[in-house]
**Q** 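A single structure is presented below for examination.
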Amino acid sequence: MSYLADVKSVEKLNRLLDACRTNLYAFDEDLIRRAFQFSWNAHVRGKPRASGEPYFSHPYEVALVVAKEIPLDDISVASALLHDVVEDTGYDLKSIKAEFGNEIAEIVDGVTKISGAVESHEITRAENYRKMLLSMAKDVRVILVKFADRLHNMRTLAFLGSEKQQRIARETLEIYAPLAHRFGLAKVKWEFEDLAFKHLNTTDYEYISRKLNAKRRAREAYIRKFIQPIKKRLGEGEYEFEITGRPKHIYSIYNKMVKRSKPIEEIYDLFAVRVILDTADKNECFSVYGVVSEIYTPVPERFKDYISVPKQNGYQSIHTTVVGPEGKMVEVQIRTRQMNEIAERGVAAHWKYKEEVKVPDRKLDEWISWVREILEQPAVSSGEDAAKSFLEGFKLDLYQDEIYVFTPKGELQVLPRGSTPVDFAFEIHSQVGTHCVGAKVNGRIVPLNTKLNSGDQIEIITSSNQNVNPDWEKFVVSRKAKAHIRRWVNDETRKKAADGEEIWTKRLKKHKLTLPEDDFAKLVRELKFENPQKFFVAIAEEEVEPERIIARITQQKSAKDTAETAKPAHTFVEIARKASEGIVVDGSRSDWKVSYAKCCSPIPGDEIVGFVTTGEGIKVHRKSCSNLARMAGAARERIIDASWPGESSGLFVAGVSVSGMDRPGILTELTHSISNYQNTNIRSVSAEVRDAIFESQIIIYVKDKEHLDHLIDKLKKIVGVTRVDRLQGQNA
Ligand code: MN
């Protein structure tokens, strides 16, 4: 099946297969061949790269980068070959899926989407762009292929126009370099930074690189010279060790120059040496430190013992700066092999610590340490199945509780996962949310309850005629949208309730009814409404007919009126007693404190005696009280004569209740009518008006029952009075 157009293509394929053979645990050679062929065919008619090379050279180089520099598996190599097919050729995702299956199709789709999202917008908040990228990539290999793609583009950036160069370089520095760092891909990160720096700040880049090149031989010679005596002494001491001079990359030198505002010559740790000891004994690190200090004078304030006190991320090493030959400062790091490994694998944790990332992404850490294992031991073939299945099962779920979407102007908005255009609209502005009628996602009209995805660009269509739809509450997820919809619904309810209340008040007025607050609350409860507001809303929405409720109230009221007139009996006891203030004790009105015994509860008219208590004055009992008889047996002398006031003049206290329709002057008429009849003495009057009904209790002194009956007849004749009753005592 495979026919390649020319010898050059065959050579290319072989080079890629060789890279796979060298760097991957195992790989499906046929898969790589098919992907190579497919990509070649797809891109053959495409326009050439800016460099003038056929377009296929790009996916091919990207696949080579994956195989050599970020070697993971054959799937990522094949995906790299195919990563631009959907974007740039007539083939679609379906044909890739048909030919290569779901896994590769999904990776290609992911890379295409990330490119679309990042590259079509201006970077405003880099941190959010990085999160967006991670939230879009469900498979880590999407990010890796994207890194490789970006690396190749950066390496060939010189062929693009300068505006494009600047944009891509900035993107690389702000988004891809920090991401590569986060993924523990230090070399990739350095290259991103240096290449971006080269295009963003060409002058400084060239200055530093010129300086470094000019001094490279000298520098290497210097390091050799520096290392030599150390090597010799360590060899004599029979240490197993590795000693290296570490190169620094240009961007980090530049940063140090800026940070310390010093010329390049004074960036002393341009010289850095690492001693790695093949031993399990950490004390050897201190011995080696001793050896180094004997050879070169250490700078005391630059000594750091991260072995006794490891860094928060577990990093262990001795750092010291010494004065080397020619008085130059050299930083020396001393650690065991194991410490070195931990330092390398702990890159993610270290990075996190420095960048103050708040949410720990444990899965990423797991992945990074695993990837590092592969990157560091590419030749080992044992355990490959476990590794492979781990990778297949590994789904990247970073920032999956958030989505990152764009406004029409390309501004990035962060929303909770599951957000809809309505959530987005309220995020933009409450007015946009309130009047939202429709939405376009990536240029296509969608229903308002459509779930948005990271990278989507959303346009909200508004109309001043549209208002919040309470149904939106069922699908929105953001707090902002929920709160706004809730508030709007509440406002609407309030308005409706006000309308309902107005209707209700008008109806009551029409029926000349007033309803005290307590009675209204009771009514609302009886009608099974949660609160008055709901009752009024029901009236406004014509779910409740006010007339029917009013009929019900009127009915209840007349029943209650009958019940109420019978009620005051027990209050009369108090009223009557009050009216009888100044009980006559031993023939004269007393200044004694007087109270009434609970056992027999005497009321005016009863025959009474006084009982002198200790500390409570005189307690009034009925003469017939059995309790008193018992107490008196022990203390006869404490019983004294007592009588109600007025009793001596042949008068006794009586009470009447009068009710009727209220009208001006009715109370005056009542009292006149009483006092005009045989000079009847009024002790007290109380009156109240309720719902236009007049109710009064009058306490009077009468001679006898006949006197009282005549008075009652007189009162009944007064206009408006409907009822007159004698108040009855509790025990009468
Ligand atoms: Mn590409």
Side-chain angles (χ1 to χ4, degrees), residues 9 12-13 15-16 19 32 35-72 75-93 95-96 100 104-121 123 129 132-133 136-137 139-161 163-177 179-180 183 185 188 191-192 195-196 199 455:
S9 297
K12 275 189 168 179
L13 174 60
R15 221 181 310 145
L16 181 60
I32 305 298
F36 184 98
Q37 179 85 61
F38 192 97
S39 179
W40 195 90
N41 285 340
H43 288 293
V44 76
R45 272 178 292 276
K47 62 175 181 185
R49 296 268 292 172
S51 62
E53 284 186 280
Y55 195 89
F56 175 71
S57 68
H58 168 67
Y60 171 74
E61 291 293 336
V62 173
L64 262 186
V65 171
V66 171
K68 284 182 178 167
E69 298 172 51
I70 322 172
L72 208 57
I75 300 273
S76 356
V77 176
S79 304
L81 281 166
L82 300 165
H83 83 273
D84 272 338
V85 165
V86 175
E87 185 74 7
D88 292 333
T89 76
Y91 293 84
D92 61 3
L93 205 59
S95 49
I96 290 184
F100 298 99
I104 289 178
E106 270 177 20
I107 296 172
V108 169
D109 188 38
V111 176
T112 309
K113 278 188 179 147
I114 282 181
S115 310
V118 177
E119 280 144 36
S120 58
H121 297 100
I123 310 299
Y129 271 78
M132 175 185 77
L133 225 130
M136 286 176 80
D139 189 312
V140 277
R141 289 169 289 190
V142 170
I143 306 269
L144 295 186
V145 172
K146 191 63 211 168
F147 282 158
D149 176 42
R150 183 46 62 116
L151 262 184
H152 184 244
N153 284 335
M154 286 303 289
R155 286 170 185 171
T156 54
L157 200 58
F159 299 104
L160 295 181
E163 202 179 304
K164 230 175 169 184
Q165 272 181 9
Q166 295 292 305
R167 187 178 63 72
I168 293 175
R170 201 171 312 116
E171 222 173 72
T172 303
L173 193 63
E174 289 179 10
I175 298 176
Y176 290 103
L179 267 186
F183 276 74
L185 301 167
V188 173
E191 194 173 348
F192 276 154
L195 288 173
H199 290 280

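Being a predicted model, the structure only gives us computed values, none of them experimental. Note that ligands are numbered from 1 as they come in the structure, with each ligand's atoms numbered from 1 the same way.
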**Q** Salt-bridge test for R155 and E69: reply yes if a basic N is under 4.0 Å from a carboxylate O, no otherwise.
**A**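 Salt bridge flag = yes for E69 with R155.
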**Q** For the atoms NE2 of H58 and OD2 of D84, give the angle they form at the Mn ion (ligand 1), rounded to 10 degrees.
**A**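 Vertex at the Mn ion (ligand 1): approximately 90°.
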**Q** Does D149 put an N, O or S atom under 2.8 Å from the Mn ion (ligand 1)?
**A**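 Yes.
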**Q** Would R167 and E171 pass as an ion pair if we require N to O under 4.0 Å?
**A**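 Here R167 pairs with E171 in a salt bridge, since their nearest N and O are under 4.0 Å apart.
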**Q** Begin with the C-alpha distance, continue with both residues' side-chain angles, and end with the deciding distance and a verdict on side-chain contact (heavy atoms from CB on, under 4.5 Å) for L16 and V77.
**A** CA-CA 9 Å; L16 181 60; V77 176; 4.1 Å; yes
**Q** Return yes if some donor-acceptor pair links the side-chain N/O of Y176 with the main-chain N/O of F192 below 3.5 Å, else return no.
**A**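 It does not hold such a pair.
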**Q** Between H152 and the Mn ion (ligand 1), is there a contact where an N/O/S atom of the residue lies under 2.8 Å from the metal?
**A**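 Short answer: no, not a single N, O or S atom is under the cut-off.
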